[in-house]
Engineer: 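The structure is given below, and queries will be raised subsequently.
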There are 2 protein chains.
Amino acid sequence: MYRVWLSIMKKSGSDGRTRERLSREAIAGGAVALADAEGLEAVTIRRLAQDHGVSPMALYWHFKDKDQLLDGIADRLFNDVDLPPVSTEPWPQQLRAVLQALLAALRPHPAVAGLVTSRILTSEAGLNIAERTLSHLRQAGFSPEQAAEIGSYLLGAVVTLVTCEPGQRHGEDDEAHEDAIRVKAASLGALSPRRYPNIIASSGALAACASPDAYYSLGLDMLITGVSGIATEAEAAS
Amino acid sequence: MYRVWLSIMKKSGSDGRTRERLSREAIAGGAVALADAEGLEAVTIRRLAQDHGVSPMALYWHFKDKDQLLDGIADRLFNDVDLPPVSTEPWPQQLRAVLQALLAALRPHPAVAGLVTSRILTSEAGLNIAERTLSHLRQAGFSPEQAAEIGSYLLGAVVTLVTCEPGQRHGEDDEAHEDAIRVKAASLGALSPRRYPNIIASSGALAACASPDAYYSLGLDMLITGVSGIATEAEAAS
DNA sequence: ACCTGAACACCGTTCAAGT
DNA sequence: ACCTGAACACCGTTCAAGT
């Protein structure tokens, strides 16, 4: 599928000498596709340049250094977020919808999801997500300071949901991935039943997620329930 | 402070030719201290070897490759966790105490905290933490499958709390860090008030955490409240 | 404005060899 | 058992130069 992406980008077949003009977007897009296929450690200036049919130094025209390239990847993910319109619904539902939108954008790209945590406030699109999150937290009655802390945590927690999904793949092909899951479940199941009875009972579910959709839905519920809980506490205390 | 660690390790002064025998523990300890001082990107096989007064290849006797070295760092953090004894308290308090113990071990080492997420089930000490977490979740009435998903998330969320603490330093010295915070607060404060009113209101708190203790306490409350909430939901549904 | 070639300092890692 | 030296393939990045 990475090869498909490549050929689209190059706009002509395997013999195609002609290639698209390089751009920040094309490079970041290629980086995401490469990370999806082979993991973040495969995303290298030299490798990206090679796949674009260009010299490594060409990328330095578009990005000051590799860190800015990673910023570009994060920015691309934030731009994939389809923020729900503000409505008259109660804040918990609206906040949940915002987090769910972020989640939906990150789920297809677990290998690069971790990049966004530290970059929300340095990305144009990320700022919009943060602003919406803070506004719903203010609706809940939190102070600007509390909203900042809780908001930072919530956005990070969405990333955590994605990167902690049991059996999350890390850029191997499908068969190798299934093998790894089977091996992991077996090794957990072979632990001492006296010392680790609960790990053994959960070994299958720890090695792979039976229903990712249910997992993510439960995760969002936990987040919103948690915020609602401390919101009412704070309200009762004031 | 990293220099202090170095001199202790070498057991003699600046002229000391004699050094401790190398060991997995000494190497992992040095790696943590180095990451604390200069960030995870400074943790390099060659740099560690140099600081230990040894050739880079010496480390390969103790660790198969760099990934195993990172495993060793995570293992060291898990061993710092002082797990509370099982008691007769209700499960939410006990679960909170377990998460708090993990949090206490990770807080001093934000640069390497992220390493633990994927390594809990491959570390001896990590398995104990996971087992305790799962056992309290089973007490709460969750199935082994639910416990696996929720437990994975909870342990990851503790890491998230540490790495998402607003203004979390990343291995700079103190003055540079305070400068960075001031710059960040100022740049957030200079955003468009029409588009980002809430970010501006929270700009100070987004750039740096006023009271980390309060932040972490609130974070643990959110986690426990969230789990409790979906636990009673699950109970009510059954 | 956009890209290249050569070069530099740095990685992780292998392998044969030393004690 | 524990460590070294030389070598290899790979990084990110700079700088001067080409079009």
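All figures in this text were calculated on a predicted structure; none of them were measured in a lab. Just so it is clear: chains get the letters A, B, ... in the order the sequence lines come, proteins before strands, and each one is counted from 1.
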Engineer: D:dC11 P sits how many Å from B:Arg47 CZ, rounded?
Structural biologist: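 So the CZ-P distance, B:Arg47 to D:dC11, works out to 24 Å.
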Engineer: To the nearest angstrom, how far is A:Glu41 atom CD from D:dG12 atom C1'?
Structural biologist: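 Taking atom C1' of D:dG12 as the reference, CD of A:Glu41 is at 17 Å.
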Engineer: Using a cut-off of less than 4.0 Å, is there contact between a side-chain N or O of B:His62 and OP1 or OP2 of D:dC3?
Structural biologist: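 It does, given that an N or O in the side chain of B:His62 lies less than 4.0 Å from OP1 or OP2 of D:dC3.
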Engineer: Which residue pairs satisfy the salt bridge (charged side-chain N to carboxylate O under 4.0 Å, His left out) criterion with at least one member in residues 192-204 of chain A, sequence neighbours excluded?
Structural biologist: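 Pairs touching residues 192-204 of chain A that pass the test: A:Arg195-B:Glu124.
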Engineer: Provide, to the nearest angstrom, the distance between the NE2 atom belonging to A:His52 and the P atom belonging to C:dT4.
Structural biologist: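 It works out to 12 Å between those atoms.
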Engineer: Rounded to whole angstrom units, what separation is found between the CD1 atom of A:Ile27 and the P atom of C:dC2?
Structural biologist: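 Taking atom P of C:dC2 as the reference, CD1 of A:Ile27 is at 11 Å.
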Engineer: Contact between B:Thr117 and A:Cys164 at the side-chain level, heavy atoms closer than 4.5 Å - yes or no?
Structural biologist: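 The answer is yes, as the side chains (C-beta and beyond) meet within the 4.5 Å cut-off.
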Engineer: Which residue pairs pass the side chain to side chain donor-acceptor pair (under 3.5 Å) test with at least one member in residues 22-33 of chain B, sequence neighbours excluded?
Structural biologist: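 Listed once each, the pairs would be none.
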Engineer: Any chance you could list the contact pattern along nucleotides 13-19 of chain D? Use B for base contacts, S for sugar-phosphate-only contacts and - for none, protein heavy atoms under 4.0 Å, 5' to 3'.
Structural biologist: BB-----
Engineer: Over how many whole Å does the gap from A:Gln50 atom CD to D:dA9 atom C1' extend?
Structural biologist: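 Distance, rounded to whole Å: 14 Å.
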Engineer: Listed by chain and number, what are the side-chain hydrogen bond (donor to acceptor under 3.5 Å, both in side chains) partners of A:Thr160, not counting sequence neighbours?
Structural biologist: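 Listed in chain order: B:Thr160.
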Engineer: How long is the line joining CG of A:Leu59 and C1' of C:dC2, in whole Å?
Structural biologist: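 The answer, rounded to whole Å, is 12 Å.
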Engineer: Going by the salt bridge (charged side-chain N to carboxylate O under 4.0 Å, His left out) test, which pairs reach into residues 54-70 of chain B, not counting sequence neighbours?
Structural biologist: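 Passing the test, one end in residues 54-70 of chain B: B:Asp67-B:Arg119.
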Engineer: Evaluate the side-chain proximity of B:Pro197 to A:Glu131: yes if any heavy-atom separation is below 4.5 Å, no if none is.
Structural biologist: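 The answer is yes; the side chains approach within 4.5 Å.
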Engineer: Which helical stems does DNA chain D take part in, if a stem means at least 3 consecutive Watson-Crick or G-U pairs with both distances below 3.5 Å?
Structural biologist: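 Output for stems: C:4-8 with D:12-16, C:12-16 with D:4-8.
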Engineer: Hey, does the side chain of A:Thr44 come within less than 4.0 Å of D:dC10's phosphate (OP1/OP2), counting only N and O?
Structural biologist: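 Answer no for this pair, as no side-chain N or O of A:Thr44 is under 4.0 Å from OP1 or OP2.
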Engineer: Quick one: side-chain hydrogen bond (donor to acceptor under 3.5 Å, both in side chains) partners of A:Asp213, sequence neighbours excluded?
Structural biologist: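 Counting only residues at least two positions away or on another chain, A:Asp213 forms a side-chain hydrogen bond (donor to acceptor under 3.5 Å, both in side chains) with A:Arg107.
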Engineer: Take atom CG of A:Leu69 and atom C1' of D:dC11, then tell me their distance rounded to the nearest Å.
Structural biologist: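 Roughly 14 Å, once rounded to whole Å.
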Engineer: With sequence neighbours excluded, tell me which residues meet side-chain hydrogen bond (donor to acceptor under 3.5 Å, both in side chains) with B:Tyr215.
Structural biologist: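 None.
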Engineer: Would you please name every residue forming a side-chain hydrogen bond (donor to acceptor under 3.5 Å, both in side chains) with A:Gln100, sequence neighbours left out?
Structural biologist: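 Result, side-chain hydrogen bond (donor to acceptor under 3.5 Å, both in side chains) vs A:Gln100: none returned.
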